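Computed over heavy atoms, backbone and side chain alike; hydrogens, waters and symmetry mates excluded. Predicted model only: the values in this text are computed from it and were never measured.
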Amino acid sequence: MTARKLTGKELAAAIRAQTAAEVAAGPQPRLAVVVATGDEASLWYVRSIAKAAEGVGIAADVVDLGPEARPEQIRETLARLSADAGVHGVMLQTPLPEGAVAQELAGAIDPRKDVDGANPLSLGRLAAGLPAFVPATAAAVMALLDHYGVELAGRRAVVVGRSTVVGKPLAHLLLDRNATVTVCHSRTRDLASVTATGEVLVAAVGRAGLIGTGHVAPGAVVIDVGTNPTDDGGLTGDVDFDAVAERASALTPVPGGVGPVTTALLLRHTARAANLP
């Protein structure tokens with residue numbers, strides 16, 4: 001068995017095209033990305049967001065507070081941008097300086113501008129099945145599954161990782177689609193015995209090569225959310241791609257899988273935030 005490669009390029013292009021059409025028909029959206037890190041991988045990602053935003057007609061402002069920024073300074077900046085009528089989307093990029101907790105600071109983002117679903121209020125609304133912006137990475141996983149026609153109702157889905165960025169919101173999204181969901185984490189005993197029950201397996205922990213053939217059921221659909229830097233400056237996922245490709249029925253690559261769709265959905269959220277009444 002050789003897994004079908006579930007790339008995100010085509011889907012991301014379609015989402016960007018739709019977003020560009022929405023932007024052209026209304027007011028120009030403005031996205032503000034607050035950065036307080038010197039991490040080069042993170043800064044590269046922010047630059048890629050700004051470039052992609054420009055491509056669909058969205059103005060993107062990078063507010064760089066520097067890696068020495070205090071939590072109070074970050075919170076005040078998020079609150080100021082949330083109160084600015086000219087800003088439609090606000091995003092807090094991680095990692096953050098020591099002592100700054102993303103979940104606490106994200107509470108300063110207006111939920112109507114919380115385009116990456118980081119505010120606890122947004123996460124609570126998602127859990128309750130109420131309208132809210134969904135964390136873009138979790139939404140990207142669902143969009144890829146839909147794009148490739150992966151049936152979820154009644155199927156066993158296993159999510160490895162319980163972050164508020166991917167694992168927890170994704171579990172709720174999968175439940176909403178009538179999957180039977182198990183969430184694994186660092187305290188899960190005999191991880192492989194649990195992940196191997198999944199007909200759909202999502203890896204989102206940030207540990208290169210964590211998921212090997214012994215973790216995967218024959219014929220499973222595997223979504224790799226991990227983005228781990230390599231020594232040569234590239235990226236690798238949480239899944240041992242070459243090994244798992246011989247066991248799974250479908251598998252996302254890293255890079256080129258979930259990532260492009262995540263960025264495209266973040267821009268779609270910004271465009272739609274600009275048109276909220």
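Side chain of T252 to main chain of G257: no donor-acceptor pair is present (N/O by atom type, distance under 3.5 Å, no hydrogens or angles). Without hydrogens or angle criteria, R207 side chain to D238 main chain gives no donor-acceptor distance under 3.5 Å. Between the side chain of H88 and the backbone N or O of A274 there is no donor-acceptor pair closer than 3.5 Å.
Placement of L175 and V160 in two distinct hydrophobic clusters is found when ILVMFWY residues are connected by side-chain heavy-atom separations under 4.5 Å, directly or transitively.
Note that OG of S122 is 13.5 Å distant from NZ of K113, once rounded to the nearest 0.5 Å. Distance OH/Y45 to OG1/T94: 9.5 Å, rounded to 0.5 Å.
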- Message: V115 vs L31, test: side chain to side chain contact (heavy atoms under 4.5 Å, CB included). Steps then yes/no.
- Response: CA-CA 9 Å; V115 292; L31 171 66; 3.9 Å; yes
- Task: Take R177 and D146, measure what salt bridge (Lys or Arg N to Asp or Glu O under 4.0 Å) needs, and give me the verdict at the end.
- Result: CA-CA 11 Å; R177 299 289 292 277; D146 286 342; 2.7 Å; yes
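For the side-chain contact (heavy atoms from CB on, under 4.5 Å) test with I223, the passing option among V258, V239, L170 is V258; the others fail. Between M91 and the options V34, L266, I109, L81, a side-chain contact (heavy atoms from CB on, under 4.5 Å) holds for only L266.
Atom CD of Q18 has more than 12 heavy atoms from other residues, nucleotides or ligands within 6.0 Å.
The minimum heavy-atom distance between A36 and I74, with the atom names listed, is CB-CD1, 3.9 Å. The two residues G8 and L144 make their nearest non-hydrogen contact at CA-CD2, 4.0 Å. Nearest heavy-atom pair, T19 versus A271, reported as atom, atom and distance to 0.1 Å: CG2-CB, 3.9 Å.
L123 places none of its side-chain heavy atoms less than 4.5 Å from the side chain of H172.
We find that R125 and D114 are not joined by a salt bridge, their nearest charged nitrogen and carboxylate oxygen being 4.0 Å or further apart. Under a 4.0 Å N-O distance rule, the pair R70/E76 does not qualify as a salt bridge.
Counting only N and O atoms by type, the side chains of S42 and D39 include no donor and acceptor under 3.5 Å apart.
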